[in-house]
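Letters go in sequence order (proteins before strands), and every chain restarts at 1.
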Protein chains: 2
Amino acid sequence: MSAGRDAPPQRALPVLADVARLSGVSEITVSRVIRNKGPISDKTRERVLHAVAETGYVPNRLAGALASADSMLVGVVLPSVTNIVFADVLRGIHEALAPAGYQPVVGVTGYDADEEERAVRSLLAWQPAAIILAGFEHTEATRRMLAASRIRVAEIMDIDATPIDVAVGLSHRSAGRDIARYLLSRGYRRFGYVGHDWDSDHRARLRFEGLTEELAAQGLALVAERRIAGPSSTLAGRETLAGVLATGERPDVVVFSNDDMAVGGYFHCLAAGLVPRHDIGLFGFNGLEIGAALPLRLSTVRSNRFLIGKLAAEALVARPDRPADTAIINTGYEIEAGETA
Amino acid sequence: MSAGRDAPPQRALPVLADVARLSGVSEITVSRVIRNKGPISDKTRERVLHAVAETGYVPNRLAGALASADSMLVGVVLPSVTNIVFADVLRGIHEALAPAGYQPVVGVTGYDADEEERAVRSLLAWQPAAIILAGFEHTEATRRMLAASRIRVAEIMDIDATPIDVAVGLSHRSAGRDIARYLLSRGYRRFGYVGHDWDSDHRARLRFEGLTEELAAQGLALVAERRIAGPSSTLAGRETLAGVLATGERPDVVVFSNDDMAVGGYFHCLAAGLVPRHDIGLFGFNGLEIGAALPLRLSTVRSNRFLIGKLAAEALVARPDRPADTAIINTGYEIEAGETA
DNA sequence: CTGTTAGCGCTTTCAT
DNA sequence: ATGAAAGCGCTAACAG
């Protein structure tokens with residue numbers, strides 16, 4: 001098993017030319033076989049495929065994309081991947097892209113517009129066929145780059161503004177209003193609010209505005225309101241509800257900025273001996289699995305995140321060039337009655 | 001505002017040559033300015049940068065990577081992104097790659113080795129500088145491709161086998177044993193186990209094996225064991241614990257395959273009026289935030305997922321070529337005493 | 001400090 | 001059904 005001194009010590013990776021030589025055809029024929037394009041005789045195809053297997057050839061998509069000016073890549077710019085909400089969206093995107101042969105390339109912003117700009121610039125360098133980003137809050141530079149690129153752009157999660165190209169999501173303002181209506185119909189009158197940072201999570205603010213607008217329309221105002229500076233979390237929800245209940249007027253229902261916060265509120269109730277709905281109503285947003293697993297199912301709003309990702313990706317794939325006018329795809333939401341409000 | 005008939009109707013995206021022409025230098029000089037490489041006079045740099053801004057030029061990394069044979073891409077193949085555990089790992093990877101100028105490209109397997117093979121093949125086509133994948137269970141074809149590519153390979157999460165190149169993670173078998181030791185030291189003797197699908201989650205099985213091995217060493221065996229077919233979830237944990245407690249011998253402590261399942265168990269206790277630790281011990285794995293937010297902090301094991309991702313990416317970036325021998329980086333774990341066991 | 005030349009590995013014409 | 005030539009947009013290697 002000793003290597004002769006003329007044995008290639010570090011054989012370079014096989015390229016198209018190697019496969020062509022081995023199968024005795026031209027490079028373009030191999031290319032056609034691999035891409036299933038153009039007419040190829042069965043005999044040739046077989047020979048080429050055999051050579052591909054023998055060499056372990058893996059096509060270089062860098063070169064392929066450059067030559068064909070078609071990367072089959074879709075840039076996806078999300079605030080976070082640790083947040084299950086965006087992870088679900090990503091799953092939906094993946095589900096729609098995979099069968100069409102597209103690959104998502106993800107960038108993360110940490111809820112920061114300048115980071116988003118950096119991510120978009122870096123993704124555009126890969127010549128994606130389209131780009132998906134969350135929300136409408138972009139820097140001017142981001143907008144310019146997107147416009148110049150002329151590729152398709154989906155803005156997702158939110159539909160409460162005019163999109164660059166297509167928006168896919170739900171109206172958070174309208175959801176906020178419906179939460180108010182639902183809780184009013186349940187007999188609640190003294191509303192409290194427990195939320196997290198608005199600067200980064202603009203959609204939470206829209207829901208809050210919808211909520212308070214509808215309350216105002218009924219001549220009501222919040223009796224208690226508390227917002228923490230950082231991101232939402234179960235722990236924060238728990239502690240913040242405790243703070244709210246320790247001082248001032250006692251609400252008969254508390255609306256949380258999302259399910260994470262609301263589940264924390266639930267935990268506080270457990271620890272404090274309060275029975276949700278009986279002693280105090282709790283209402284979330286998103287419809288996460290954890291809420292449904294609680295001893296009392298959390299009352300919340302289902303936000304159809306998977307669907308948002310899927311429909312956004314499908315819309316982009318269906319029409320590769322930017323349409324003349326903008327469009328909005330409303331994925332809706334559903335009030336999940338639950339048992340806590 | 002009417003467009004003359006000789007107005008360029010669809011100006012193509014600017015390329016290096018356009019910037020070069022506009023700034024009156026050669027393409028390579030522009031390239032050097034953009035990449036901050038080689039000596040450039042301040043005057044030239046300024047002129048070039050000006051032209052870049054004016055044209056809105058965005059470098060084409062497809063072409064750059066092809067020409068330099070260096071993609072600055074790192075393939076990341078994970079079982080799931082919806083699972084917070086892997087999302088945390090991904091954050092760690094991102095944290096280490098970003099400052100070094102590398103871009104992660106993610107593929108998802110859904111806990112399936114054939115899907116992993118497909119993902120690896122597809123990522124390899126982008127000529128990544130390295131690849132990160134979860135665990136040691138790969139198909140033969142995956143191993144062959146990885147070997148042929150000669151790029152660096154990090155296998156993460158687990159260190160209970162011999163890696164292809166470098167493994168980064170913790171010993172799940174050893175963690176299982178330590179869980180047994182800890183619970184024995186707390187006085188528990190009648191152990192129950194509630195778990196999820198092993199075929200997909202090999203590491204859960206390793207923990208189980210460590211647990212039962214250590215129990216056997218003390219002359220003990222599980223008094224109850226139940227595994228569901230599907231993936232772990234809070235709901236599944238809740239229902240499965242209920243099932244276990246409804247029949248047969250009553251354990252004094254239940255070890256869950258992970259925190260998701262354990263939190264579900266906790267919820268069952270709440271609903272059934274059982275007080276954790278007092279009536280029955282509950283023990284999880286991972287150290288998720290949710291466990292710490294429960295009215296009684298969940299007893300569990302911290303698995304340092306962010307660190308796993310970070311160290312894996314750092315190891316790859318630090319040494320771009322495959323070393324002669326394999327290495328193992330142990331990120332360890334810590335028993336989190338909590339209040340439920 | 002700047003430029004010239006020659007490709008990277010593939011796909012697009014356009015022939016045959 | 002197959003191939004030859006040209007070139008995608010960029011960078012390495014060598015001048016100068």
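- Evaluation of the side chain to side chain contact (heavy atoms under 4.5 Å, CB included) rule for A/Ala98 yields A/His94 as partners, not counting sequence neighbours.
- In this structure, the side chain to side chain contact (heavy atoms under 4.5 Å, CB included) partners of B/Pro163, at least two apart in sequence or on a different chain, are B/Phe136, B/Glu155, B/Ala167, B/Thr326, B/Ile328.
- Annotation: side chain to side chain donor-acceptor pair (under 3.5 Å) contacts of B/Glu46 (sequence neighbours excluded): none.
- Judged as a salt bridge (Lys or Arg N to Asp or Glu O under 4.0 Å), and not counting sequence neighbours, B/Arg144 has no contacts.
- The separation between B/Arg47 atom CZ and C/dC1 atom C1' is 13 Å, rounded to whole Å.
- Under the salt bridge (Lys or Arg N to Asp or Glu O under 4.0 Å) criterion, B/Glu27 pairs with no residue, sequence neighbours left out.
- Two residues are said to be in side-chain contact when any heavy atoms from C-beta on lie closer than 4.5 Å; B/Ile34 and B/Val19 fail this criterion.
- With the nearest nucleotide of DNA chain C identified for both A/Lys37 and B/Ile40, B/Ile40 has the one nearer the 5' end.
- When the side-chain nitrogen and oxygen atoms of B/Thr29 are compared with OP1 and OP2 of C/dG3, one or more of them lie within a distance under 4.0 Å.
- Taking the side chain as every heavy atom from C-beta outward, A/Val106 and B/Val106 never approach each other to under 4.5 Å.
- One finds a side-chain N or O of B/Thr44 lying less than 4.0 angstrom from the OP1 or OP2 phosphate oxygen of C/dT2.
- Partners of B/Asp321 under the side chain to side chain donor-acceptor pair (under 3.5 Å) rule, at least two apart in sequence or in another chain, are B/Arg319.
- Within residues 117-129 of chain A, no residue has a heavy atom under 4.0 Å from DNA chain D.
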Output a table of donor-acceptor pairs, distance under 3.5 Å, between side-chain atoms of residues 120-127 of chain A and any protein atom two or more places apart or on a different chain; print 'none' if there are none.
residue	atom	partner	partner atom	Å
A/Arg121	NH2	A/Glu117	OE2	2.8
A/Ser122	OG	B/Gln103	NE2	3.0

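- With sequence neighbours excluded, no residue forms a side chain to side chain donor-acceptor pair (under 3.5 Å) with B/Ser71.
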Detail all sub-3.5 Å separations between protein N/O atoms and N/O atoms belonging to nucleotides 6-10 of chain D.
residue	atom	partner	partner atom	Å
D/dC8	O2	A/Ala67	N	3.4
D/dG9	N2	B/Ala63	O	3.4
D/dC10	OP1	B/Tyr57	OH	2.2
D/dC10	OP1	B/Asn60	N	3.3
D/dC10	OP2	B/Leu16	N	2.5

Find every protein N or O atom lying less than 3.5 Å from an N or O atom of nucleotides 13-16 of chain D, and list the pairs.
none

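- In this structure, B/Ile34 places its CD1 atom 17 Å from C1' of D/dA12, rounding to the nearest Å.
- Partners of A/Leu66 under the side chain to side chain contact (heavy atoms under 4.5 Å, CB included) rule, at least two apart in sequence or in another chain, are B/Asn60, B/Ala63, B/Leu66.
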